[in-house]
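Chain A is the first sequence line, chain B the second, and so forth, proteins listed ahead of strands; every chain is numbered from 1.
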Amino acid sequence: MEAQYSPASVERTAQQFWEKNRCFKAIEDANREKYYCLCMFPYPSGKLHIGHVRNYTLGDVIARFQRMQGKNVLQPMGWDAFGMPAENAAIKHQVAPAKWTYSNIADMRDQLKALGFGYDWDREFATCDLDYYRWEQWFFTRLVEKGLVYKKNSTVNWDPVDQTVLANEQVIDGRGWRSGAKVERREIPLWFLKITDYAEELLADLDKVEWPEQVKTMQRNWIGKSKGIELDFEVPDVGEELRRLTVFTTRPDTLMGVTYVGISADHPIAKRAGEIDPTIMEFCKECRSGGTSEADLATMEKRGMDTGYVARHPITGAEVPIYIANFVLMEYGTGAVMAVPAHDQRDWEFAKKYDLPIQPVIADLDGNQPDVSEGAYTEHGQLINSGEFDDMLFDDAFTAIARQLEKEEKGRVRINFRLRDWGIARQRYWGAPIPVKYGAEGETVPLTDDELPVALPTEVEIDASGSPLKKMRTFYEMGAGWTRETDTFDTFMESSWYYARFCCSDNQEAMLDGRANYWLPVDIYIGGIEHAILHLLYARFFHKLMRDFGMVESDEPFQRLLTQGMVIADTYYRNNEDGSKEWFNPLDVTVERDEKGNVTQATLIADGEPVTIGGTEKMSKSKNNGVDPQSLINRFGADTVRLFIMFAAPPEQSLEWSDSGVEGAHRFLKRLWKITFDHIQHGEPGHIVSAELNDAQRELRRKTHETIKKCTDDIGRRTTFNTAIAAVMELTNALGKLNDDTLQGLAVSREAVEACVILLSPITPHICHTLWQELGHTTALIDAPWPQVDEKALKRDSMTLAVQVNGKLRAKLELPADADQVTIECEALSHENVRRHVEGKSINKVIVIPGKLVNIVAS
RNA sequence: GCCCAGGUGGCGGAAUUGGUAGACGCGCUAGCUUCAGGUGCUAGUGACCGCAAGGUCGUGGAGGUUCAAGUCCUCUCCUGGGCACCA
């Protein structure tokens, strides 16, 4: 065995062994328990970044651990290859998206291999492969047949200079990112999937999955089921077809406090008012400027204008004004809201601004009328100023008001969802073409099976003015007056079912086959918390669609979910003369510290001059605080990178990058190597004979089995890999302290060394592979079973008890493990320091927590 | 603006069920080893007081519940994620 640890050769050897023996080839076997471990596949943007490394290390550790538990493990990898960055790169570098994407994939695949991840590469695919997206097109046409697809007008961000649709991220402060032009909200017809048909089930089935509670809560809130009343105001002066103005409210108990009605600028009544009054028309136009995102809409200045029309209150018949309000959107609900300024903060602010009446109709539970001069009173309470409904509480008022409205056919109880249907059409090139054709007479028809698939042309030139497909007659002209749809699918479509395709990616005849039911559902799905809502909700929806077509049997795609935090790093910068900042990579900066370790100053190595220390932020190109995984692998090896990433923080938290932390991880692996080397040098151990062990040997043995117990729980159940690594570090520390060359001494040391190697092997598989062989094993570590805890070795003869007086620690007692309550109390009370603190006081109570502490309550 | 998280030594973090706050690592300090070190080893390291024994304070802030609170409750401040066309 080499005395020195050299990661490059160790890693090459291990990776060649795994590849030669096809260790990660997953084969369906009905007699074995399967484990499908999946990480969110990457967008092939160019190079792997540390966030990917974190994600995939987490997955690989779990996959290797489960394999050692005897499971038949599937861990695939592929590429989420359609999307905007490829188009942006095409504009910037004059390279076609397909070429750029496949070249990035080749680079990133090499990097994944260098990190030693155990993927079944035979199942790999990219979503931009025709063999993948053709099934998506086929499935879409089936969804059309089933009535789950429809076309309707929807609002998009329109850049009037570039004459193109912008994504929300391309709208910065209401302006197009490239043109700088003021963005307009424009309505165009788009394709939608009826995800709302599944709203109830998407909500209910959250109870079936083992996901973090916070993610389930976010999804529940997103789906947003609420019970309310849909009710009709009558608009007398607007003409028969617009006479009924419908709103939805979850607070019918406040109905008597309605003092105006707010409508969208796109509402038919607003349009009618605009036809009459040009200032209203102008106002409606202004309401359409700015971005479409909910954050934009929620933070913009609330503005409104009186339409001149009035609405008749459905119960009192009183007339209230109808206002156009810029925060009411036609697409959400009915495009109109009833406003109760006394009990809704947004309505309150609007009423104050436009001097509309504020009428309190809810008192607190003691019947006190609320003060609404400084803000709305939004709590539930008892009704006042509400005529026959006075003194009712929320539930009774809801029922009574609903009954009356129903009787008069002016309203009905409704379950409402916040969730909206999924707009799946994009006016972009680099995506899967939507398989629809349009006839000369305006017919819209899905393509037939023999017209499928629609291949995306890859020889294209791209500029900033929208999709080239719209200019390619060879693409869209189908003959006989038929033209093809030039919109492409939202890329969330591809990421909604790739996990299923991995089960049978070689099938050329069908989207999925029976193998999907062997592997699915995914046992654990690992990826960024930023996907908590959209991607995960769409994938759940798609799974249910596939289930209803009989392609999968399970209700949910992902049984367990692990959401990882982001990777952050220090930032350093200098201010330029023009007010901008120049950012320096942490590698180019040295940090000085005082004798306590506090950072005093940071200087740029290149010129020795100081730089400003910025915050610790998400690794990004713009802040120049990224770390290149490849250079780390070259310098320290993949195992060091994997170890540091798993050690620095638990998976859910953000991970702060630290170069000295990486060095520390490397130091630990060198130490592990040296400990194993030294141990082997000391000769062959005997067999452990429990009865013959001395105290030090017994103690190390107990530590070994405590560590096995803790690591098993930390990796398998808690997924806190940082604490598992810390436990192994403690074991190596204990191991280093036992210098015992007797046969029994070497035997317990051997058990401890092997435990370290095997427990770390999912995390640092290469070094452990080699050390295992050096320890004389003839079979490979990857096929070794996970170690078992010897409960007998865990037994202790004595215990340490903390003794508190009035909750403050005053002494520690070492007592036999089987000491009884009376003995414990006597020993605690007779301790010198305890006596000092209870002197002159009477003891009221003694609380004994077995095995932990004694608290003496004295006064 | 709305929804969801998170704030613990100089730093990353640990404390799993209300029961000894600071495991493990980084950094720093001292010493030893080595021709040398960006090596290895040993010891120390929350703050304050004290020669020591020991004591006081301490988990973003303010209250509260409890024999006991980092952990539970109320309010509040700050940071991060998501908000439907970034992936």
Side-chain angles (χ1 to χ4, degrees), chain A residues 40 42-43 45 80 83-85 156-157 165-171 212-215 217-218 220-222 224 292-300 302 327 345-346 419-423 425-428 490-492 495 528-535 537-538 563 565-566 568 593-599 615 617-618 644 647-650 652-665 667-668 670-671 674 713-714 717-718 720 722-723 725-730 733 736 800-804 806-809 812 832-833 836 844-847 849 852-853 855-858:
Chain A
M40 290 181 186
Y43 181 81
S45 56
D80 189 13
M84 291 205 307
V156 295
N157 303 304
V165 176
L166 298 178
N168 283 336
E169 73 155 7
Q170 297 173 319
V171 179
E213 214 42 59
Q214 54 152 319
V215 177
T217 304
M218 281 192 264
R220 284 189 193 107
N221 292 341
W222 186 262
T292 58
S293 80
E294 191 177 293
D296 284 345
L297 299 172
T299 52
M300 71 187 177
K302 308 287 178 292
F327 54 87
Q345 189 60 27
R346 194 170 62 178
L419 180 70
R420 309 196 302 264
D421 277 335
W422 176 13
R426 299 290 179 268
Q427 297 69 53
R428 307 195 191 289
D490 176 10
T491 57
F492 275 127
S495 55
I529 182 71
E530 66 274 18
H531 295 292
I533 297 175
L534 293 180
H535 161 60
L537 190 68
Y538 292 143
T563 50
M566 26 177 224
I568 57 180
R593 293 167 190 277
D594 65 15
E595 58 184 26
K596 283 185 173 175
N598 297 313
V599 172
E617 299 193 52
K618 181 173 177 171
F644 171 72
F647 181 60
E652 291 87 351
Q653 286 181 35
S654 60
L655 183 155
E656 190 169 321
W657 193 260
S658 153
D659 288 313
S660 47
V662 178
E663 283 163 24
R667 208 147 50 219
F668 173 73
K670 283 197 287 193
R671 232 177 107 222
K674 189 168 174 293
D713 190 46
D714 283 354
R717 179 182 64 91
R718 297 176 69 210
T720 53
N722 55 328
T723 53
I725 294 165
V728 175
M729 284 173 169
E730 282 188 54
N733 290 343
T800 309
L801 281 182
V803 185
Q804 298 177 336
N806 290 331
K808 293 200 172 182
L809 183 68
K812 285 185 182 181
E832 192 195 333
N833 203 39
R836 274 219 331 251
N844 305 334
K845 198 156 52 160
V846 179
I847 296 153
I849 308 297
K852 297 245 172 173
L853 65 71
N855 189 12
I856 297 157
V857 185

Sequence neighbours left out, what passes side-chain hydrogen bond (donor to acceptor under 3.5 Å, both in side chains) with A:Glu617? Give chain and number order.
A:Lys623
Counting primed atoms, P, OP1 and OP2 as sugar-phosphate and everything else as base, the B/S/- map of nucleotides 62-67 of chain B against protein heavy atoms under 4.0 Å is -----B
Looking at residues at least two apart in the chain, or sitting in another chain, which of them share a ring-ring contact (aromatic ring centres under 6.0 Å, His included) with A:Phe644?
A:Trp657
All N/O contacts under 3.5 Å from nucleotides 11-13 of chain B to the protein, with atom names and distances to one decimal?
| unit_1 | atom_1 | unit_2 | atom_2 | d |
| --- | --- | --- | --- | --- |
| B:G12 | O2' | A:Ala648 | O | 2.7 |
| B:G13 | OP1 | A:Ser654 | O | 3.4 |
| B:G13 | O3' | A:Asn722 | ND2 | 3.4 |

To the nearest 0.5 Å, what is the distance between NZ on A:Lys845 and CG on A:Asn806?
11.5 Å
Does RNA chain B take part in any stems of at least 3 consecutive Watson-Crick or G-U pairs (both distances under 3.5 Å), and if so, which ones?
B:1-7 with B:77-83, B:10-12 with B:24-26, B:27-32 with B:40-45, B:46-49 with B:54-57, B:60-64 with B:72-76
Applying salt bridge (Lys or Arg N to Asp or Glu O under 4.0 Å) to A:Arg220 and not counting sequence neighbours gives A:Asp207, A:Glu213
Using ring-ring contact (aromatic ring centres under 6.0 Å, His included) as the criterion, list what pairs up with A:Trp222, not counting sequence neighbours.
none
List the protein contact pattern of nucleotides 72-82 of chain B with one symbol per nucleotide (5' to 3'): B for base contact, S for sugar-phosphate-only contact, - for none; contact means a heavy-atom distance under 4.0 Å.
--------SBS
Tell me, for nucleotides 39-52 of chain B in 5' to 3' order, what letter each nucleotide earns: B for a base near a protein heavy atom under 4.0 Å, S for only sugar-phosphate near one, - for neither?
-SS-----------
For B:C57, take OP1 and OP2 only and decide whether either is under 4.0 Å from a side-chain N or O of A:Lys808.
yes
Please enumerate all residues that pass ring-ring contact (aromatic ring centres under 6.0 Å, His included) together with A:Phe327, with sequence neighbours excluded.
A:Phe350
Residue list, side-chain hydrogen bond (donor to acceptor under 3.5 Å, both in side chains) with A:Arg593, at least two apart or on another chain
none
Who passes ring-ring contact (aromatic ring centres under 6.0 Å, His included) against A:His531, sequence neighbours left out?
A:His535
